[in-house]
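Count residues from 1 along the sequence.
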Amino acid sequence: MKYFAWSISLLVGLMSLGQEMLWFRIVSFILGGAPFAFALVLFFFLLGIAFGANRGKAICARYSNLFFAGGTVLIFAGFIDISIPLIIQYIPQKSAIGELLGICCILIFVVAALKAILFPIVHHLGTNISNGKVGASVSKVYFFNIVGSTLGSLLIGGILLDYISISSMFILIGIACILLGALMIVKKSMISVIAVVMLGSCCFYLVNKHSDYMFRNAFEQGISINSYIENRYGVIHIVNDDRDGRKNIVLGNKMYDGILNIDPDIDINDLNRLYLLSATHPNPKKALVIGVSGGAWTRALSSFPTLETIDAIEINKGYLDIIKQYPIVSPILNDPKINIYIDDGRRWLKRNSDKKYDLIIMNTTYHWRSGATNLLSQEMMKLVKNSLNPNGILAFNSTRSPDTLKTAQSVFKYAYWGTLGFIYASDSMIKLDEVVAKERLDKLVLDGKPLFNKESKQIENGAYKKTLATKLLSLDEVEKFYHLGRDTEIITDSNMITEYKYGLLGNK
């Protein structure tokens, strides 16, 4: 009996912590990657565990047949798990974020509580009182639960989500709960174990591994989905906004991550911020792109005639699958001068500190999102500076956080605030000379043709005129413009101010 109890303890721990990882991804998607998403999930998860364990204690005191009681709870928990993707799918699209989060928090509490009920039960089933080794018996049950919990977060969160969608994972965990509950009720025997394994294998084979119930209706009316990819790094959508006519918008975990557009005449993704580098750097030969996303910026960068090598780093390999589907950006996958690496940008810089670049471009995500400090901190700026050649330029997206300019200024001799808060930093002065800029912009070539033709140069909202009209502002000018009412601060790995102090819910 004790081996059976240990096995149940391990499997319940695996499913429970695995589901915590799933819930974190759902809540993070709803909040657009806000850093407090994990804390919110953990709070309701632990609350559910505490409540469930208390209920489990009451069941142990009330019922003599704990196999039947535990099995019944598991079966009920399994049906709840299976229904979760459908419940979330049918929440009205117009629901406020608070309402959606409220429903999710209730569900987190319920699923955590139901599985936690099993914890006291398996302790009763696996504890040997007769020989006086109560402590040793309890510790073994607890040990197997910890092993299962560790495996759950690693196996589901780190491996299976690359191959199985979150919706499908809930369904498969639910099926596993039902089968394990049935096995507890009929009690262990070789025949019952074989039957459960066979049924589980059939269910695993039959369930659609890529169903997207939860994210199918993730957007309000007027947003249509072109492409969808889900993996352990998150959820990627390519959508059209039928309300304003924008096409092929890239969304990473529901947040804007670019547009698949390189048309200089319709510069809706403001590639002029990239072309400014051509206008200000005399002869860039090597460039590094940290964050490929949909590939539009890397594709546009390939138009720089003097560039011999472009190294591009992207942490989420799902973006490469997206790029393959769209001819406007897919050439970057076959361009001999473009090398794409699947890695974390900061880690890659550390591992390749001997490589030097003339341009480093980071079209960074929103400064308040979880993990943004890894790209915006003073420590990261120092890593980047080490990888720049003399006169090299770092260009990155501040997403309008003045503190990022202050941080860049603390590392580089010169730092400027450009269009939409795009920051340009270097140890050499960056100056936009209109005559020189026009000459260099005229040399940009894409697919064997000049990027800017005669008509392109006349379009008011085109990339050509917007590049030439760029104003590079100093930190003092930016501080006066924003009227912050506070001093700008330097972002460090320790203070993480863009995420936790002046982030989504803070001041700028």
V235 backbone acceptor or donor facing N253 side chain under 3.5 Å: yes
Ring center gap for F24 and F38 short of 6.0 angstrom: yes
Side chain S227, main chain I238, donor-acceptor under 3.5 Å: no
K350 NZ: over 12 foreign heavy atoms closer than 6.0 Å: no
Flag if over 12 foreign heavy atoms under 6.0 Å of CZ, F68: no
Minimal non-hydrogen separation, S410 against I490, with atom names: CB-CD1, 3.6 Å
Identified side-chain contact (heavy atoms from CB on, under 4.5 Å) counterpart of V12 within the set I117, L118, L114: L118
N386 side chain near S353 side chain, heavy-atom distance below 4.5 Å: yes
Check: T498 main-chain N/O paired with H367 side-chain donor or acceptor under 3.5 Å: no
Residue pair D242 / S224, side-chain heavy-atom distance below 4.5 Å: yes
Short side-chain to backbone donor-acceptor contact, E499 and G371, under 3.5 Å: yes
Within-4.5 Å side-chain heavy-atom neighbours: V250 and I322: no
Test item: T373 side-chain N/O and D493 main-chain N/O as donor-acceptor pair under 3.5 Å: no
Candidate pair D403 and R486, rule salt bridge (Lys or Arg N to Asp or Glu O under 4.0 Å), full reasoning: CA-CA 11 Å; D403 296 300; R486 64 172 178 86; 2.8 Å; yes
Separation between CZ of F67 and CD1 of I8, rounded to the nearest 0.5 Å: 6.0 Å
Closest non-hydrogen atom pair, L260 against G294: CD2-O, 3.3 Å
Y366 (side chain) donor-acceptor with Y256 (main chain) under 3.5 angstrom: no
Steps toward ring-ring contact (aromatic ring centres under 6.0 Å, His included) verdict (Y414, F412): CA-CA 5 Å; Y414 300 97; F412 294 91; over 10 Å; no
Working for ring-ring contact (aromatic ring centres under 6.0 Å, His included), residues F119 and Y142: CA-CA 9 Å; F119 197 51; Y142 201 91; 5.6 Å; yes
Student check: side-chain heavy atoms of D321 and I236 closer than 4.5 Å: no
Point-to-point distance, once rounded to the nearest 0.5 Å, from CG of L375 to CE of M381: 8.5 Å
Mutual orientation of the aromatic rings belonging to F219 and F29 [parallel < 30°, tilted 30-60°, perpendicular > 60°]: perpendicular
Modelled atom types, side-chain donor and acceptor of N248 and N261, under 3.5 Å: no
Minimum heavy-atom distance between G18 and I156, given as atom pair plus value: CA-CD1, 3.6 Å
Interatomic spacing from CG in L31 to CG in L40 - rounded to 0.5 Å: 7.0 Å
Only distances under 3.5 Å count here; give the side-chain donor-acceptor pairs of residues 312-319 to other protein atoms, sequence neighbours excluded, each with its distance to 0.1 Å.
{"unit_1": "E314", "atom_1": "OE1", "unit_2": "V292", "atom_2": "N", "d": "2.9"}
{"unit_1": "E314", "atom_1": "OE1", "unit_2": "S293", "atom_2": "N", "d": "2.9"}
{"unit_1": "E314", "atom_1": "OE2", "unit_2": "N316", "atom_2": "N", "d": "3.0"}
{"unit_1": "N316", "atom_1": "OD1", "unit_2": "N231", "atom_2": "ND2", "d": "2.6"}
{"unit_1": "N316", "atom_1": "OD1", "unit_2": "G318", "atom_2": "N", "d": "2.9"}
{"unit_1": "Y319", "atom_1": "OH", "unit_2": "D257", "atom_2": "OD2", "d": "2.4"}

Short side-chain to backbone donor-acceptor contact, S28 and A37, under 3.5 Å: no
H237 and F215 aromatic ring geometry - parallel, tilted or perpendicular at 30°/60° bounds: perpendicular
N374 and D344, any side-chain heavy atoms less than 4.5 Å apart: no
Neighbour count above 12 (heavy atom, 6.0 Å) for R243 CZ: yes
Gap separating the OG1 atom of T364 from the CE atom of M380, nearest 0.5 angstrom: 8.5 Å
Contact summary for I290 and G345, nearest pair of heavy atoms: CG2-CA, 3.9 Å
Only distances under 3.5 Å count here; give the side-chain donor-acceptor pairs of residues 79-87 to other protein atoms, sequence neighbours excluded, each with its distance to 0.1 Å.
{"unit_1": "D81", "atom_1": "OD1", "unit_2": "Q19", "atom_2": "NE2", "d": "2.9"}
{"unit_1": "D81", "atom_1": "OD1", "unit_2": "K115", "atom_2": "NZ", "d": "3.3"}
{"unit_1": "D81", "atom_1": "OD2", "unit_2": "Q19", "atom_2": "NE2", "d": "3.3"}
{"unit_1": "D81", "atom_1": "OD2", "unit_2": "K115", "atom_2": "NZ", "d": "2.8"}
{"unit_1": "S83", "atom_1": "OG", "unit_2": "F79", "atom_2": "O", "d": "3.3"}
{"unit_1": "S83", "atom_1": "OG", "unit_2": "I80", "atom_2": "O", "d": "2.8"}

Parallel, tilted or perpendicular: rings of W348 and Y357 (30°, 60°): tilted
Side chain T407, main chain I491, donor-acceptor under 3.5 Å: yes
CZ-CD1 distance between R55 and I121, expressed to the nearest 0.5 angstrom: 12.0 Å
Approximate separation, where rounding is to 0.5 Å, of Y341 OH and L288 CG: 10.0 Å
Heavy-atom neighbours of F76 CZ exceed 12 at 6.0 Å: no
N/O donor-acceptor pair under 3.5 Å between R369 side chain and G32 backbone: yes
D244 atom CG, neighbour heavy-atom count above 12 within 6.0 Å: yes
Within-4.5 Å side-chain heavy-atom neighbours: V478 and K406: no
Please tabulate, for the side chains in residues 157-176, all donor-acceptor contacts under 3.5 angstrom to protein atoms that are two or more places apart in sequence or on a different chain.
{"unit_1": "D162", "atom_1": "OD1", "unit_2": "R232", "atom_2": "N", "d": "3.4"}
{"unit_1": "D162", "atom_1": "OD2", "unit_2": "R232", "atom_2": "NE", "d": "3.1"}
{"unit_1": "S165", "atom_1": "OG", "unit_2": "S168", "atom_2": "N", "d": "3.2"}
{"unit_1": "S165", "atom_1": "OG", "unit_2": "S168", "atom_2": "OG", "d": "3.0"}
{"unit_1": "S165", "atom_1": "OG", "unit_2": "S211", "atom_2": "O", "d": "2.5"}
{"unit_1": "S167", "atom_1": "OG", "unit_2": "Y213", "atom_2": "N", "d": "3.3"}
{"unit_1": "S167", "atom_1": "OG", "unit_2": "M214", "atom_2": "N", "d": "3.3"}
{"unit_1": "S168", "atom_1": "OG", "unit_2": "N208", "atom_2": "O", "d": "2.5"}
{"unit_1": "S168", "atom_1": "OG", "unit_2": "K209", "atom_2": "O", "d": "3.4"}
{"unit_1": "S168", "atom_1": "OG", "unit_2": "S211", "atom_2": "N", "d": "3.4"}
{"unit_1": "S168", "atom_1": "OG", "unit_2": "S211", "atom_2": "OG", "d": "2.9"}

Side-chain heavy-atom pair L17, T150 within 4.5 angstrom cut-off: no
Pairwise side-chain contact, L394 with K385, heavy-atom cut-off 4.5 Å (strictly under): no
Any residue meeting ring pair (Phe, Tyr, Trp, His ring centres under 6.0 Å) with F396, in chain and number order, not counting sequence neighbours: none
Least distance between heavy atoms, S426 atom then G392 atom: OG-O, 2.8 Å
The single option from D270, N269, T298, N397 passing side-chain hydrogen bond (donor to acceptor under 3.5 Å, both in side chains) against N363: N397
side-chain hydrogen bond (donor to acceptor under 3.5 Å, both in side chains) contacts in which one or both residues fall within residues 34-48, not counting sequence neighbours: none
Sequence-distant partners of T488, side chain to side chain donor-acceptor pair (under 3.5 Å), two or more places apart: E479
